[in-house]
Number of protein chains: 2
Amino acid sequence: MAVVSCEQCRLRCKPQFHQFGDDELAFVQTLQSTQSSMAPNADILVPGEAKGLFTLFAGWAYRYREFPDGNRQILDFLLPGDLIGLQATLLDQTQYGVKTLTAATVCVLDGRPLDEMFREHPALAHLLVRTLMQDQRRTDGQLAFLGRRTAAQRMGYLMLELFDRLDRIGMSNGTWCQFPLQRRHLADALGLSGAHVNRSMTDLRDAGLATLGNNVLVLLDRARLEDFAGYRALDEGERIIL
Amino acid sequence: MAVVSCEQCRLRCKPQFHQFGDDELAFVQTLQSTQSSMAPNADILVPGEAKGLFTLFAGWAYRYREFPDGNRQILDFLLPGDLIGLQATLLDQTQYGVKTLTAATVCVLDGRPLDEMFREHPALAHLLVRTLMQDQRRTDGQLAFLGRRTAAQRMGYLMLELFDRLDRIGMSNGTWCQFPLQRRHLADALGLSGAHVNRSMTDLRDAGLATLGNNVLVLLDRARLEDFAGYRALDEGERIIL
DNA sequence: CGTGCACTTGAAGTACATCAACTAGGGTGG
DNA sequence: CCACCCTAGTTGATGTACTTCAAGTGCACG
């Protein structure tokens with residue numbers, strides 16, 4: 001496939017992302033070596049194996065941890081612009097994996113070591129930390145929710161959060177968006193059984209809040225859904241994209 | 001109280017923390033303005049209010065998020081050496097608070113803006129990101145656990161994790177350590193009711209795995225507890241302390 | 001026209017919450 | 001010294017949200 005240079009990248013221009021100066025952009029371009037296309041359900045990072053740093057350029061992916069008993073927990077969904085593998089790059093032992101959910105394209109960031117970014121572009125490092133804090137805030141929300149809300153509330157929360165993240169990168173359409181998660185992904189993300197995911201979805205549909213079908217999520221009544229799920233939209237501010 | 005300078009800080013010398021060069025140490029000293037002692041159960045950061053950046057110097061604290069219904073979820077426990085308030089400093093809206101668990105002392109980091117660290121000490125910035133990734137890994141574990149394990153397993157996991165964190169800063173004693181969490185803190189951290197925390201503790205004690213009493217945690221059979229809780233000790237590597 | 005896979009639905013079991021009654025220290029005032 | 005309360009923890013009874021298992025549906029693909 002044709003490699004898209006950072007200068008011409010359509011994703012990078014979205015208002016969600018910090019717009020680099022010329023020298024910063026040139027530097028980021030040198031971080032990147034190639035791009036790589038992947039099938040749905042393919043491994044980007046395998047737990048305990050080869051490390052790698054990537055930017056998700058197109059498609060959906062998810063970060064997960066698996067237990068000896070075969071159970072797994074989805075920690076996070078990854079959308080275009082998200083960085084993949086920073087934890088694996090900086091720490092010795094990591095226990096998470098990353099898989100594609102849909103067909104996806106990643107930019108491979110092995111052109112030069114990340115150290116140089118800290119030395120030569122402190123503003124980028126600062127933005128990176130800011131982006132990490134946004135991710136931490138999101139994780140805080142998940143943690144708070146897993147412990148304290150019902151299955152249907154958790155579902156609604158996840159829907160709203162993903163919708164808003166898509167919206168920020170121009171991938172939503174007013175009241176609906178693509179939503180390629182299957183039942184088992186929802187179950188693994190929300191700590192539920194597949195059967196109960198189903199019941200919760202039925203609840204949300206019957207209550208006229210949201211429906212899910214054909215890989216499309218429709219928010220039927222956003223205001224009431226927010227209220228029901230205890231979700232509050234947050235002003236994210238700029239993120240970094242490498 | 002007497003202010004301890006960074007050069008004489010006993011905490012900073014622990015092998016857990018990266019040992020700074022002289023110029024770095026001098027820089028970190030200028031970040032700090034004063035130290036402040038706090039009573040147990042006092043607010044360090046109030047959700048949605050004044051921002052501030054601190055290093056916990058002595059004592060225990062916890063980071064929490066509260067719901068409109070009065071429920072709250074403890075996101076993380078903070079031990080000496082941990083940084084407090086980075087998310088609040090870098091983002092506009094934050095919804096978490098931090099309270100002391102015991103009497104505590106914090107170093108107040110408002111001496112000069114954090115930007116200078118990125119510009120003048122890129123190695124510190126790099127270490128900061130590494131430390132944040134360690135925290136993310138820990139949070140990953142919590143997320144995976146909340147969704148997928150029983151009450152007693154979650155309790156055991158939390159005990160082992162806190163024990164090991166204490167151990168790394170020299171605050172454990174072989175098989176036991178201080179453990180100032182009350183029942184309601186455990187409940188709020190693990191997503192349980194107070195009553196069930198109690199039952200789970202009884203289970204762990206009856207199984208000969210761990211006991212809790214008088215603010216002391218005793219690991220009766222660490223190997224079996226690790227096995228039971230699905231906990232694996234991780235080599236953390238160096239953290240940064242500001 | 002079967003064969004397989006993702007989803008749906010129902011019945012029964014389990015792990016947890018909730019509530020209420022009780023117990024055990026720890027001041028405080030007399 | 002005791003009578004008193006106040007709070008933190010303990011225990012039991014009951015309700016509920018979820019899991020698990022099993023049978024059934026609908027659609028995609030050979």
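Every chain is numbered from 1, with letters handed out A, B, ... down the list of sequences.
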With heavy atoms under 4.0 Å as the rule, sort A:Ala151 into base, sugar-phosphate or nothing. sugar-phosphate
task = Have a look at A:Gly191 and say if it touches a base, only the backbone sugar-phosphate, or nothing, with a 4.0 Å heavy-atom cut-off.
result = sugar-phosphate
Margin query: Students often mix this up, so state it plainly: with edges at 30° and 60°, are the rings of A:Phe179 and A:Trp60 parallel, tilted or perpendicular?
Written below: perpendicular
Would you say [X] reaches [N]'s phosphate, i.e. side-chain N/O to OP1/OP2 under 4.0 Å?
| X | N | result |
| --- | --- | --- |
| B:Arg154 | C:dC16 | yes |
| A:Arg183 | C:dA6 | no |
| B:Asn198 | D:dT10 | yes |

[atom1] of [X] versus [atom2] of [N]: gap in Å, rounded?
| X | N | atom1 | atom2 | result |
| --- | --- | --- | --- | --- |
| A:Asp206 | C:dT9 | CG | P | 10 Å |
| A:Asn71 | D:dT20 | CG | P | 8 Å |
| B:His196 | C:dA20 | NE2 | C1' | 18 Å |
| B:Leu146 | C:dA15 | CG | P | 18 Å |
| B:Arg205 | D:dT11 | CZ | P | 8 Å |
| B:Arg149 | D:dT19 | CZ | P | 15 Å |
| B:Arg184 | C:dA17 | CZ | P | 17 Å |
| A:His185 | C:dC7 | NE2 | P | 9 Å |

Is B:Asp164 salt-bridged to B:Arg222, cutoff N-O under 4.0 Å? yes
Ion pair present between B:Asp140 and B:Arg137, side-chain N to carboxylate O less than 4.0 angstrom?
no
One would report the end-axis bend of the helix from C:dC1-D:dG30 to C:dG30-D:dC1, five pairs per end and rounded to 10 degrees, as 20°
The residue, A:Val197 or B:Leu181, whose nearest nucleotide of DNA chain D is more 5′ is B:Leu181
Would a 4.5 Å heavy-atom cut-off, applied to side chains only, mark [X] and [Y] as touching?
| X | Y | answer |
| --- | --- | --- |
| B:Leu181 | B:Asn215 | no |
| B:Gln32 | B:Phe57 | no |
| A:Leu209 | A:Leu220 | no |

The nucleotide from D:dC18, D:dT10, D:dG9 with an atom nearest the side chain of A:Leu192 is D:dC18
Of the listed C:dT8, C:dA6, C:dA17, the closest approach to the A:Met201 side chain comes from C:dT8
Consider only side-chain N and O atoms of A:Arg65 and A:Gln73, and report whether a donor and an acceptor are under 3.5 Å apart. no
Taking for A:Arg148 and for A:Arg199 the nucleotide of DNA chain C with the nearest heavy atom, the one nearer the 5' end belongs to A:Arg199
